[in-house]
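Reading through the structure tokens given below for one structure.
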Amino acid sequence: MKKELPKTYNMEEVENKWRKIWAKEKTYEFNYDAKRPLYIVDTPPPYVSADHLHAGHIMSYSQAEFIIRFKRMRGYNVFYPMGFDDNGLPTERFVEKKYNIDESKITKSEFVKICLKETEKGAERYRKLWNDLGISVDWSKTYSTISPVAVKVSQRSLIDLWKKKVLYRKESPVLWCPSCQTAVAQADLEDKESDSKMNYISFKTAKGKDLTIATTRPELIPACVALYVNPKDARFKNLIGEKAVVPLFNYEVPIKASDEVDAELGTGLMMVCTWGDQDDLDKWRTDNLDTRALIEEDGTLRKLGGKYQGLKLLEARERIIDDLKNQGCLIKQEELTHTVNVHERCGVPTEFILSKQWFIKITDMEDVWLKRGKQLNWYPGYRFKDYELWVKSIKWDWCISRQRYYGVPFPIWYCSKCEEPIFARDEDLPVNPFEDKPPVKKCPKCKGTKFIPEQDVMDTWATSSCTPFLLRELVSGKAKDKLFPATLRANAFEIIRTWDFYSIVKSHYNFNTIPFKDVMISGHGFDEKGKKISKRLGNYVSPDTLLKKYGADAIRYWATGAGLGQNLRLNIEEFKKGKKTTIKLWNVAKFLEMNIDDFKLSKENIAFEFADIWIMRELNEAIEKATNDFEQYEFAKARNEIDSFFWSKFTDYYIEFIKYRFFSDDQKSKKAAQQTLLIIFYSILKMFAPILPFVTEEIYQQFFAEMEEAKSIHLSLWPEQIELKNVSDVSDFDSAIQAIDEVRKYKSESGISLGAQLDEFELETKIDMEKYGEFVRKVVRVDKLFF
RNA sequence: GGGCGGUUGGCACAGUUGGUUAGCGCGUCUCGUUUACACCGAGAAGGUCGGGGGUUCGAAUCCUCCACCGCCCACCA
């Protein structure tokens, strides 16, 4: 049946319509079906506390989704759930700021309640944006990282790690954020440039000889436990084994030797404190130095600080410098700029403090992590380097406990007498140790009867690293066992060292396998000038504004623009081009509507003409290339391929080549053109479908739905190449095209309308006149062609 | 200090295993209302591929050094 398309494409109306219908018809719902191969997608659960959604978010999720739609059309049974990461520090800080909350004046449960409310709001915003963009998520399969199922899976994973003896609790120096007042992991650190001073301070040996050390952290002097020199350093080697006297505090520390001391740096004499940096920790560990814990959880000096006790680190620094000056122990100060490690969530420099924390063993396992990493397919391949580099730089076991409120609780109680940890039973999960009782009445170790719940919550990555085996909990029945490992993990490069790495760790320990087969790494969205989009710079437009102005299809079109793993600038021109493409598709549909009476593929033998065969050959090539590109996750290349076939071959040439046949009385020729148009355009629509889901669906429903069983173009199959057997040889068709170009050029340069009829034209291009003469004459409207 | 990515006409980008006059889009200029489309069509101008050196019959494409941009890691006594 023939339908009348509106004259112009009403983008907003069409997009809205299909959003509603896809939701109502549950077009993207996952239904297990043993016959079809599975394609399981694990995309990042975004932080719902991110209140600055921008084009970068659109870009990375769209890019993964192009592949997902492609795979769906390739016959895969796609399982595409969506999660929201709403636990942990980012949410807490967001809530504190938004409501101006002082945590000391609010109960833990009140605070958590507000966090939950905010995260719900945040999730709703994301959900709406993804939906507006046409992200083909199965919305009946969602999770949040604080939901009972996520808590259960995380806790179960943790208990398993304990049983496998790779989880341990230990008092040791840990990376600590004095602002958030929690332990943090190595992966949570960020570099920050800051101005500081190098202080040259005089020590004395026990025998009274003068020594000078250089430090940027004079406030750590009360925690000084040793001085180090290089044993090859002629100036100092005779000091090795002697004692030095710490100024202001007047206690003795040993002078030791280490090859790692660089005689050129500072004064060549290194002060080791507990603990200022990695060196301090290394020396402390290997040489069994004293433990002098100086820093309190809130970033003030402990009792060890003597008269400086209670001062903040920076205040203590000033006072100590003053006092050193007064005692003549400060020799000089030099300005310098150096990089400090700050907590990425708040930008405050981290410290090391002595604290009891839970750790997962990841150090000394480089070969294991590398082996696991190599078992994955990395797209693009060079991003494996990022993983490799990270794995090789791991110095700490993964500290997973956080001294915060809003997060997944540890399923752990401690015996109040002997501190033995009691883990929850699997059948009781999820548990909240504050509300639930431990599974034993008596401590198995000391028979104590009182238990204290673990106060800490888990690191957010301890939870989100479980997503590969959390996803399957969203379905019931037979499918469950088949939904792990996932097929595709898609994320941006900056979370390779966290999300990807920790997921690999968890799957390795818990299931002795890899968490997913393919990793697809996207770049970042940049602003129009090429600057990274950030909240601080305010260099972004809200996605809603962009969507309203250009439509989802156009924005998705832009998102195809970056090569895999490359950054992508915001580019309004690309939005416009995307919009133009949707309109062009619409107008071609109008053309078909005007010239085709019956939208059916004919079963009769069709007398295809040269131009028809030519365009079908071109189509086959385009299909082959686009398919290969998509298979390699190269959506940018695929789009270019489809684009150039559509614009340069199909609309610029083929449609012009056949117009005359529609005005002629040759029914056979007309029929062949109609059939070719149908075949080609239908394939084009399908190839554009992963990128432009709305306009392709609209046209599909108008003209092609009746030809197929699929209720949506997105559930139809990806186009196959057309079989071209027993057809004329058109390998010289390019000469005909060249002749046509020649006439077009002549008309254009002579100011003659392309539609004007010419009596005769002398061609320079040599063509097979018998074969293509009539065709060229009709297309370019010339009565007589000759050489 | 180590590593990754990038540097191609005004702008934003493609350039497969090295091979004929280096491509596309936008922009610019000139034309054209051809019954799908002016959110159109035809045509033109414009680059020697960041810089130096090398390999080769031949390099944007391989090697080497350097510069600049972006990012990651490490160090900073």
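Hydrogens, waters and symmetry mates are skipped; everything else that's a heavy atom, side chains included, is used. No experiment lies behind these values; they were computed from the predicted model shown.
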Closer to the 5' end of RNA chain B via nearest nucleotide, is it A:Glu573 or A:Tyr382? A:Tyr382
When you match A:Ala589 and A:Leu568 each to their closest nucleotide on RNA chain B, which lands nearer the 5' end?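 Closer to the 5' end of RNA chain B: A:Leu568.
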NA contact type, [X], heavy-atom cut-off 4.0 Å: base, sugar-phosphate, or nothing?
| X | answer |
| --- | --- |
| A:Val261 | base |
| A:Glu574 | nothing |
| A:Lys395 | sugar-phosphate |
| A:Phe662 | nothing |
| A:Lys584 | base |
| A:Asp652 | sugar-phosphate |
| A:Thr267 | nothing |
| A:Asp643 | nothing |
| A:Ile655 | base |

In this structure, how many angstroms lie between the [atom2] atom of [N] and the [atom1] atom of [X], rounded?
| X | N | atom1 | atom2 | answer |
| --- | --- | --- | --- | --- |
| A:Glu656 | B:G32 | CD | C1' | 13 Å |
| A:Met270 | B:C75 | CE | P | 12 Å |
| A:Lys637 | B:G25 | NZ | P | 19 Å |
| A:Lys283 | B:C75 | NZ | P | 12 Å |
| A:Glu742 | B:G43 | CD | P | 12 Å |
| A:Tyr9 | B:A38 | OH | C1' | 20 Å |
| A:Lys579 | B:C39 | NZ | C1' | 8 Å |
| A:Tyr379 | B:G5 | OH | C1' | 20 Å |

Are any of [X]'s side-chain N or O atoms less than 4.0 Å away from OP1 or OP2 of [N]?
| X | N | answer |
| --- | --- | --- |
| A:Lys747 | B:G41 | no |
| A:Lys659 | B:A36 | yes |
| A:Lys392 | B:A74 | no |

When you get a sec, tell me which of [options] is the closest nucleotide to the side chain of [X]?
| X | options | answer |
| --- | --- | --- |
| A:Ser753 | B:G3, B:G32, B:A44 | B:G32 |
| A:Phe663 | B:C39, B:G43, B:U35 | B:U35 |
| A:Lys385 | B:A36, B:A44, B:C4 | B:C4 |
| A:Glu749 | B:C39, B:G5, B:G43 | B:G43 |
| A:Phe591 | B:A14, B:C71, B:A36 | B:A36 |
| A:Arg497 | B:A42, B:C73, B:G32 | B:C73 |
| A:Trp647 | B:A36, B:G41, B:G3 | B:G41 |
| A:Leu754 | B:G41, B:C26, B:C4 | B:G41 |

Side-chain (A:Asn199) to main-chain (A:Ile201) donor-acceptor, under 3.5 angstrom: no
Counting only Watson-Crick pairs (N1-N3 plus N6-O4 or O6-N4) and G-U wobbles (N1-O2, O6-N3), all under 3.5 Å, who is the partner of [N]?
| N | result |
| --- | --- |
| B:C39 | none |
| B:U34 | none |
| B:U7 | B:A67 |
| B:G23 | B:C13 |
| B:G58 | none |
| B:A74 | none |

Verify the distance criterion only: is there a donor paired with an acceptor across the side chains of A:Asn10 and A:Glu13 at less than 3.5 Å?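 The answer is yes; a qualifying pair exists.
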When the [atom1] atoms of [M] and [N] are compared, how many Å lie between them, rounded to an integer?
| N | M | atom1 | result |
| --- | --- | --- | --- |
| B:G23 | B:U16 | C1' | 13 Å |
| B:A14 | B:C49 | C1' | 13 Å |
| B:A45 | B:A22 | P | 13 Å |
| B:G5 | B:U61 | P | 16 Å |
| B:C57 | B:C13 | C1' | 33 Å |
| B:A67 | B:U28 | P | 39 Å |
| B:C4 | B:U64 | P | 11 Å |
| B:C29 | B:U20 | C1' | 30 Å |

Salt bridge or not for A:Lys625 and A:Glu621, using N-O below 4.0 Å? yes
Would you call A:Arg744 and A:Glu742 a salt bridge, taking side-chain N to carboxylate O under 4.0 Å as the test? no
A:Tyr9 and A:Trp586 aromatic ring geometry - parallel, tilted or perpendicular at 30°/60° bounds: tilted
Determine whether more than 12 heavy atoms belonging to other residues, nucleotides or ligands lie under 6.0 Å from atom CD of A:Glu334.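 Counting other residues, nucleotides and ligands, CD of A:Glu334 exceeds 12 neighbours.
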Neighbour count above 12 (heavy atom, 6.0 Å) for A:Gln757 CD: yes
Gap separating the OH atom of A:Tyr557 from the CG atom of A:Asp553, nearest 0.5 angstrom: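 Answer rounded to 0.5 Å: 12.0 Å.
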Minimum side-chain heavy-atom gap A:Phe203-A:Met271 below 4.5 Å: yes
